[in-house]
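All values derive from a computational prediction rather than experimental measurement. The chains referred to below are lettered A, B, ... by the order of the sequence lines, with proteins before strands, and numbering in each begins at 1.
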Amino acid sequence: MEQAKTKKKFEFTSIYKYSLFIEVIIVFVLFGILTGGTFLSTRNLSNLMMQGVTCSIIAITMTLVIVSCNADLSAGTALGCIGTIAAVLQVTKGWGTIPTFLAVIASCLFIGAWHAYWIAYKKLPAFIVTLATQLILKGVILLIGNGAAIGPVRDSFARFGSAYLPNFGKEGGIHILSLIITLAGCALYVFLTVSSEKKKIARGLTAPNWKRKIATMVSVLALTFIISSIFIFYRGFPYAIILLVIFTAIFHFVVNNTMFGRYVFAIGGNVEAAKLSGINTERVVMKIYMLHTLIVGVASVIYLGRVGQATATAGTSFEFTAITGCVVGGTSILGGRGNVIGAVIGTMLMASLDNGMSLLNMGQSSQYIVKGLVLMLAIAMDVISREKKG
Amino acid sequence: MEQAKTKKKFEFTSIYKYSLFIEVIIVFVLFGILTGGTFLSTRNLSNLMMQGVTCSIIAITMTLVIVSCNADLSAGTALGCIGTIAAVLQVTKGWGTIPTFLAVIASCLFIGAWHAYWIAYKKLPAFIVTLATQLILKGVILLIGNGAAIGPVRDSFARFGSAYLPNFGKEGGIHILSLIITLAGCALYVFLTVSSEKKKIARGLTAPNWKRKIATMVSVLALTFIISSIFIFYRGFPYAIILLVIFTAIFHFVVNNTMFGRYVFAIGGNVEAAKLSGINTERVVMKIYMLHTLIVGVASVIYLGRVGQATATAGTSFEFTAITGCVVGGTSILGGRGNVIGAVIGTMLMASLDNGMSLLNMGQSSQYIVKGLVLMLAIAMDVISREKKG
Amino acid sequence: GCGQEAAAPTDGDSAKDAPKTESTPDAAENDNADAKAGEESQSDSIKVGYSLKTVQEERWQRELDGCEAAAKDLNVELIYQVANGDAQTQVSQIENLITQGVDVIMVTAVDAGALTNILNTAKEDGIKILVYDQQLENTYGDAFVGYDDFTNGTLIAQELKNLDIKGNVVLLHGDKSSGIEKIIDGEKSILDQLDVEIVMEQYCQNWGAEAALGYAQNALAEQNNDIAAFVCMNDGIASGTIQALEEVGMDGKVAVTGMDCELTAVQRIAKGTQTSTLYKDSVALSRAAIETAVKLAKGEAVTTESTINFGVNDMPHVIVNSAVITKDNIDSELIDTGYYTKEEVYAE
Amino acid sequence: MEDYILRMQNITKEFPGVKALDDVTFCVKRGEIHSLVGENGAGKSTLMKVLSGVYPAGEYEGEMYVNGELKSYSCIKDSEKAGISIIYQELGLVSTMTICENIFLGNEITKHGAIDWDGENEKCMELLQKVKLKENPGTVIETLGTGKQQLIEIAKALNKNVDILILDEPTSSLTETDSKNLLELLRQLKQSGITCIYISHKLNEVLDISDTVTVLRDGKTIVTKPIQEVTESALISYMVGRNMTEVYPDAKHTPKDVVLEVKNWTVPTKKDPERYILDHINLHVRKGEIVGIAGLMGAGRTEFAMSLFGALSEKPTEGELYLNGQKRERFKNPREAIDTGVMYLSEDRKRYGLILSSDLRTNITLSSLNKISKGGVINLDQETEKVTKGIRDLNVKTPSILQLAKNLSGGNQQKVVIVKALLTEPGVLILDEPTRGIDVGSKYEIYQLMHQLADQGICIIMISSELPEVIHMSNRIYVMCEGRITGEFDTSEVKITQEEILYCAAGGKD
Ligand SMILES: Nc1ncnc2c1ncn2[C@@H]1O[C@H](COP(=O)(O)OP(=O)(O)OP(=O)(O)O)[C@@H](O)[C@H]1O
Ligand SMILES: Nc1ncnc2c1ncn2[C@@H]1O[C@H](COP(=O)(O)OP(=O)(O)OP(=O)(O)O)[C@@H](O)[C@H]1O
Ligand SMILES: [Mg+2]
Ligand SMILES: [Mg+2]
């Protein structure tokens, strides 16, 4: 019986994971064929990742927000507002890069605290509070930016959004530093996995099943290499992607291995139970919003670097892209369930759609319709795969 | 003890009701003073109501959607799409008004059925399904309308959005027909209330407390007269407002007095329990979406009449205005609680804000900020008043 | 084309001076003193309501500033409303302008087709309607002040002809729904004469730089950098495009056109990364608009050489010229006229 | 003076319109098992919530001394720090999380700031063993039945560093065997020096395990006595405020024709059609009889009832249904069942029985709206009338029919659900654990009601884990084990013993 249970769990997990992968594969193969390979060129894939990076970063912490049964409709506007503040400071006021960063952090914390105060402590519905913030921030953007495009920001600032890792010695189109980083990352992964597994076996928590474990590891490594090679064979890792990977890893860890992460899920699953378990739910929700706005700040800096200037409409509806990505990636809109990596992949999937359809030079109306249908498909597959579980 | 409860209950109810009224009164008095009376002119109030009418109508059934723990992000785009279809049929294809209406109803039913199928029967999350529909409908609008404005629609069609009740004999600026309708409505109200109260007392369900009952009735009548006089002294009731009032009344009744209404709330409160109580939850959710899209269709016809032709951006983000209105009017975004009249008043309140601020010619940024803050205030008052309840 | 001729009566050298002059054809009739005196007594009561679509782009903020300045000069009371890109809001706001008793409504439409009824209502109330810059569809108006969209389209593309561009061209437009078809027609009318192939044509959401950046990247990837020119419908879109070009080290090597003459765009032209932009003299435009509004309010005839029709009636078209700005004429067109200062444009 | 680990003095706590605690004094000696009994709504849970800091200082009046120190908690963590750990009456688990995560929620084992998964898993298995639950720590809570969830709650409480362990009706959803295990566990804990406060409506358990007992009635302390000085009947009379001679009312039924019969009712699992949730079940009920279904936790009794009612997501592949001797199609959904006169009352009233956020009136008529409506329009007067009558008949303690369901005490909620079921005018009434968490007084009322209904010709199927209840109340008893019927007894002929039933419940093997 115990055995059966474990098996069940495993099967479910894999089917569930597959659903997202299947979608990704379908989309990639289809676009690959339709664009005659252009879509799958390292160059385009690198572009694609950069096109999706801003929203993917927002999706990381949006996952936490949604999992905890909250919402953030202000993320996109906050991105625009923070970007405008940064641009005004840099361009109009001539501040240096470091002070500008500090100002960005300060603004993030301020917005985060504002949300935390009303949502966590005053218990106002997150949906409405963040909608109100969206309006207020739109006003602030117009107030300080006066509707004009403000730019360009300095190179030292723009780097995060547009530059690539420096390279020492490019051998036959291979970006050495990126390769080294990839290898180091893989080695770390293998080491951590093996040692934790060994420990588990030593404690008698799992039966030794190295075959399966190794199969999993090999596929993870293969995937990592495929994705990394996109960059290694093109121009190396962009800083933005490195930030995305780092934050995804951090938050994946936080979600799965820290008390904070667990509390987030507990609050989303059953607030009352969480409270009765002695969790200071207010403080956890506060932390969620603080972290979230900081990550939005990071996205803002990347966006600003990428686009080069701040405009009044920057970031409009990014929150929707991020929320969509989260849900496509397996986060339940009703809270309590979700995962960071899925959210990032989901957001990237939606970015691939945009990218592929524009490569095909599809008309406006078909683009909307296809995107809507794919969204339906993604969510349907997710639901079906989840049903299989029970 | 029983007595104490009832009293408390009454107090709570009034505080709760007050919170929305207090907001309305604050807004009206403030704008009245600031605009030197222009805001309160019958003409402006009539305009205001017409400005808010489309979204208010959507808010009526949006309440049901939200109460049942669902969502509709496609309402605005659906409005636009239905409008475009109607306009194309009328203008490009030269259909008559009646066939066009039938086509509108058919499209509504189709969209409603599409939502019902995925949300009610296939159990996909409403948030994502309607978001996907939004995208698809945007595509459809561009497909059939090609991004151009299509119009003007015939007068017989446009009447619902722009015309006023005909009048026979306007006496000194008084619209007789409207006056008669108002009086008839009031009489009906008094009759129904008194007779139901009498019946209750006869059955011993309530202690006779005519004083309070009469006080309530007088205030309701007074309010009705104030609102009606806006129209009576201007150009009479617009058809659109009549439709709004009729639908509000119908759905208020449906929510409070029919099985369907009960079921909607039960599903929002606890789906599992609702199912075991013998409620066919799928069918109820289906009905909700069917009714909702029909109402969106009504709003679409009104909008089309008001604007005169269909355009590609028509309806954009109306769903947000409607959702906001619902929440301001006391509907819980988490489902299970809400009321139709509140939603309509809430939506009108938000429309008053726009109207008042534009009369004051306020700057753009201040308008955003004020609107955001008022939204916060409204929701805060609602939450506080609810907390008072204990 | 015709735009330049229309402005000709004002000044001899239209190509050069158009931007800095008040280009209402009738402006020459009244000498300044007369106009001032006449208006001071009468325009006391003139109230112009301006409903514009957005101020989230630099250009419209400038238009608004220009109108306010002109209104102050002419002693007209100007009240304005911004619709934030929402057609329904615009309808409401125009209603509110009517409520406030304006004599003339000046309107820059969010959506070319959404104002039919409300402007009819305004007309019935005896209010004059001045359509400002953005053309309408199936709608009544008393006068149109603005550029000629088709001409603007041709001007944007003209620069490619001047540079004798051959090969692949990418067209990046603004939002599909905002009545930009005439501009596109203009662009294509010139492109048809060239030896080019349009390899991509996309509409950028919100006229946004980010969307443009993505499309440009995709176009470059798809064509293997073999693109000769990007025809961008405004400077925001151009900025995104140039960002994509920078990424592949091709900035300055590919022609990129723009429109609206934003400061950052002019800086890029000075730097050589952007090829051209369209200088639409907001001062002239807004001044012409206010002057025409005053005429309408007073019931004077607005006489122009050309008329325009939005599907309901012919109305006078007060055309204001736009000028192509390239590296060569920044100084003469922009700095000398005081539109931008040298420091602003050439700041590092 | 005696060594009191806890002294609560003059505690008064009011909810809007309800005085839940009225000047209560409650003292617990160190190292004892102290039982707290009283009718539904007497204020037991409320008192414990005051003690554990759910209602922080300021929301109640009175003083509280733990280890002689005056305490005023501002949150739950404070009371945990003082060594107080509580298992709440309502399940306090996060259903989307795993067993392990739930057990350590709020008390994670960490290593360098990160959660020590292995450590937690290891400890979790230990705890699960302690409460004799065979489940994988990684199992998600929502896939478990209520009984197992209760055990997990206990494991969760044991994990904390406790001086005073409070158990608010821990055995209400446990079967006899599991209850016994739990009581054994409590004795062990007592040995190790932990003080227990034990709330239960099962008086035999109370008499069995406690050292001292305190009775609450209507928010007031009635008596505190050493267990040796009280008898069951004395306890009952303290609780209900009058003398009650017996726990089970006497009644004789004369069953008539068979009303409902199922044959070969078989439901396979979704994943594996070879494995059965319900395995060829044969069962019948006669008009006017009470049929009991006994069994251990997870025997599939609830699943059978749900399946019959058309509410189980797994559909039967086989099985005939006969109503009044006529074969008919299986119910496709609850509506069909209800319309045909078969009503099911869930064991989990909060999750499946009530709309907690709605008022009583709405809840009560939810299943029977078609009876008081014309053309879909509800006759509100008739509704109010029916509801008021139902509430009066079953003696539901509530200030008004507009009270929200969540504000009632557990027992009263159960009565509300029963009223709701009766309004559908059922011919067959399936009661799943109808007396779970209900005080003796109310139980007696419910039993009486069952007899009355049976006399009126209603067939009653009672699923219950309380063997005495099954034995006393039923005319016939079916025993289930692992989805099969493993025994059938007729109580009218011979006296059935608990052992006989248990033997079948364990599969007839032990
Ligand atoms: N949150 C609340 N709001 C209003 N009234 C409440 C609330 N919680 C409890 N009550 C009321 O307080 C009284 C005591 O309830 P409590 O839950 O303490 O009873 P109990 O003795 O635990 O009953 P049971 O045996 O049924 O669990 C009841 O009348 C109940 O209705
Ligand atoms: N929602 C569910 N998902 C998966 N398994 C479940 C679910 N509900 C119950 N089970 C399992 O099905 C089996 C039968 O449970 P069921 O609730 O029918 O038993 P029961 O005899 O009524 O016991 P109880 O006394 O707990 O009510 C148990 O092993 C239980 O763990
Ligand atoms: Mg209790
Ligand atoms: Mg059960």
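At a threshold of 4.5 Å between non-hydrogen side-chain atoms, the residues C/I98 and B/R43 count as touching. Within the 4.5 Å cutoff, side-chain heavy atoms of B/Q309 are placed close to those of C/T139. Here the side chains of C/Q100 and B/T35 are not in contact, with every heavy-atom distance at 4.5 Å or above.
Shortest non-hydrogen contact noted between B/T311 and C/A114 is CG2-N, 3.8 Å. When every heavy atom of C/D86 is checked against every heavy atom of B/S317, the shortest pair comes out as OD1-OG, 4.4 Å. Summarising the geometry of B/A149 relative to C/G113, their closest heavy-atom pair is CB-CA, 3.3 Å, with the distance given to 0.1 Å.
When heavy atoms are compared at a cutoff of 4.5 Å, B/A310 does not approach chain C at all. Interface remark: C/V55 contributes side-chain atoms only to the contact with chain B (heavy atom separation under 4.5 Å). For chain B, the nearby parts of C/N138 are the backbone and the side chain; heavy atoms of each come within less than 4.5 Å.
Per-residue heavy-atom pair counts under 4.5 Å with chain B were compared for C/S92, C/G85, C/A87, C/G49, and the maximum is reached by C/S92. Of all the listed residues (B/G363, B/A314, B/A148, B/P152), the one sharing the greatest number of non-hydrogen pairs under 4.5 Å with chain C is B/A148. Counting heavy-atom pairs under 4.5 Å between each of B/N44, B/T54, B/V307 and chain C puts B/V307 at the top.
Atom-to-atom distance recorded for B/N146:CG and C/E181:CD is 7.0 Å, nearest 0.5 angstrom. Taking OH of B/Y368 as the start and CG of C/N84 as the end, the distance is 3.0 Å to the nearest 0.5 Å. Separating the OH atom in C/Y50 from the CG atom in B/N361 is a distance of 14.0 Å, to the nearest 0.5 Å. Atoms CD and CD, on C/Q81 and B/Q367 in that order, are 7.0 Å from each other to the nearest 0.5 Å. Atom-to-atom distance recorded for C/Y80:OH and B/Q364:CD is 8.0 Å, nearest 0.5 angstrom.
When the shell of 6.0 Å around CG of B/D155 is examined, it contains 12 or fewer heavy atoms from other residues, nucleotides or ligands. Within a 6.0 Å sphere centred on NZ of C/K128, heavy atoms belonging to other residues, nucleotides or ligands number 12 at most.
When only modelled atom types and interatomic distance are considered, B/N47 and C/N96 share no side-chain donor-acceptor pair under 3.5 Å.
Of the charged side-chain nitrogens involved, at least one lies within less than 4.0 Å of a carboxylate oxygen, so that C/E95 and B/R306 count as a salt-bridged pair.
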